[in-house]
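Beneath this line is the structure, given in structure tokens, with notes to follow.
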Amino acid sequence: MPVARAEVDVKSLVDGLNFRQKVERSLELIRDAHREYGDGLVVANSLGKDSCVVWDLAKRVSPAIRGFVVTTRFKPPETVAFMRRLVERYPETRVFRNDEPIPDRLYATDPDRCCDALKVQPTRRAIEEMGVACWVTGLRCTEGRTRTDFQEVEERDAGLLKLNPILIWYEREVWQYLACYEVPVNPLYKEGYRSLGCSPCTRIANGPDERAGRWIGTSKCGGECGIHTRPLKVSGGVGAPVRL
Ligand code: SF4
């Protein structure tokens with residue numbers, strides 16, 4: 001069955017479905033998209049807890065599903081080590097990074113530009129080089145103020161489907177899945193982080209907003225790096241695949 005593109009009432013699903021129903025729905029979304037897009041379906045793995053769930057779900061649908069990771073020169077060592085273990089176990093994962101020079105402390109003076117160079121551009125490159133027709137993300141609508149306006153199936157870029165199969169999951173359900181299915185996660189969560197990014201832009205934060213620890217002290221606080229909000233089908237992206 002082709003992937004259903006009709007708009008759904010996301011909010012009613014968040015509280016209307018229980019954990020098991022959400023897992024089944026997520027698997028079905030990935031299964032339908034995989035049937036339609038085959039090898040053109042690729043998981044964008046951010047190495048965070050949500051991506052760990054999506055990656056595990058995708059592997060349950062088909063072990064052959066490929067993934068990509070966008071890393072930066074500012075990722076914490078724990079995240080880099082976690083990425084290395086992931087790629088060792090799943091060599092069908094490719095890593096993209098932009099190592100071009102950027103101004104010192106650009107993350108402090110202009111974080112949007114920094115994220116654009118180090119995250120958005122390598123994501124564009126990954127999509128182009130891997131022939132991605134459908135990318136799968138771990139985005140969730142309960143994660144913060146910037147994430148309420150998404151659908152499970154979207155086509156923000158013409159010719160590039162975006163699948164958000166765990167969009168309706170609560171943070172609790174993410175941890176429930178990781179515990180029940182014994183999925184390994186980045187050890188930084190043990191320190192108290194709830195959302196992980198680059199070292200200079202990530203702090204431990206409490207409160208209702210899960211992403212409140214991201215870009216603290218800048219206009220981007222609790223916001224987005226741009227991969228979910230900027231066009232991705234643009235030629236000329238940089239950030240060549242790297243060897244670990
Ligand atoms: S999260 Fe911070 S360091 Fe990383 S790319 Fe964005 S602004 Fe730069």
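Counting starts at 1 for both ligands and their atoms, following the listed order.
- Of the candidates D116, D157, D112, R230 forms a salt bridge (charged side-chain N to carboxylate O under 4.0 Å, His left out) with just one, namely D116.
- Annotation for ligand 1: atoms under 4.0 Å from non-hydrogen atoms of K119 are 1 (S).
- None of the N, O or S atoms belonging to C201 lies under 2.8 Å away from atom 4 (Fe) of ligand 1.
- Residue D149 qualifies as open at atom CG: its count of foreign heavy atoms under 6.0 Å is 12 or below.
- Close contacts of ligand 1 with P111, meaning ligand atoms under 4.0 Å from a residue heavy atom, involve 7 (S).
- Partners of Y177 according to the ring-ring contact (aromatic ring centres under 6.0 Å, His included) rule, which considers only residues two or more places apart in sequence or in another chain, are W169, Y181.
- Atoms of ligand 1 found under 4.0 Å from any heavy atom of Y107 (numbered from 1 in listed order, with element): 2 (Fe), 3 (S), 7 (S), 8 (Fe).
- A donor-acceptor pair under 3.5 Å is absent between the side-chain atoms of E36 and the main chain of A33, judged by distance alone.
- C114 lies close to atom 8 (Fe) of ligand 1, since one of its N, O or S atoms is found at a distance under 2.8 Å.
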Pairs under 3.5 angstrom only: tabulate donor-acceptor contacts from the side chains of residues 62-70 to other protein residues two or more places apart or in another chain.
residue	atom	partner	partner atom	Å
S62	OG	A64	N	3.2
R66	NE	D39	OD1	3.3
R66	NH2	D39	O	2.9
R66	NH2	M130	O	2.8

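- Residue C198 has at least one heavy-atom neighbour below 4.0 Å for each of these atoms of ligand 1: 1 (S), 3 (S), 4 (Fe).
- Salt bridge annotation for E92-K59: present, with a cationic side-chain nitrogen under 4.0 angstrom from a carboxylate oxygen.
- Taking every non-hydrogen atom of C115 and a distance limit under 4.0 Å, the qualifying atoms of ligand 1 come out as 1 (S), 5 (S), 6 (Fe), 7 (S).
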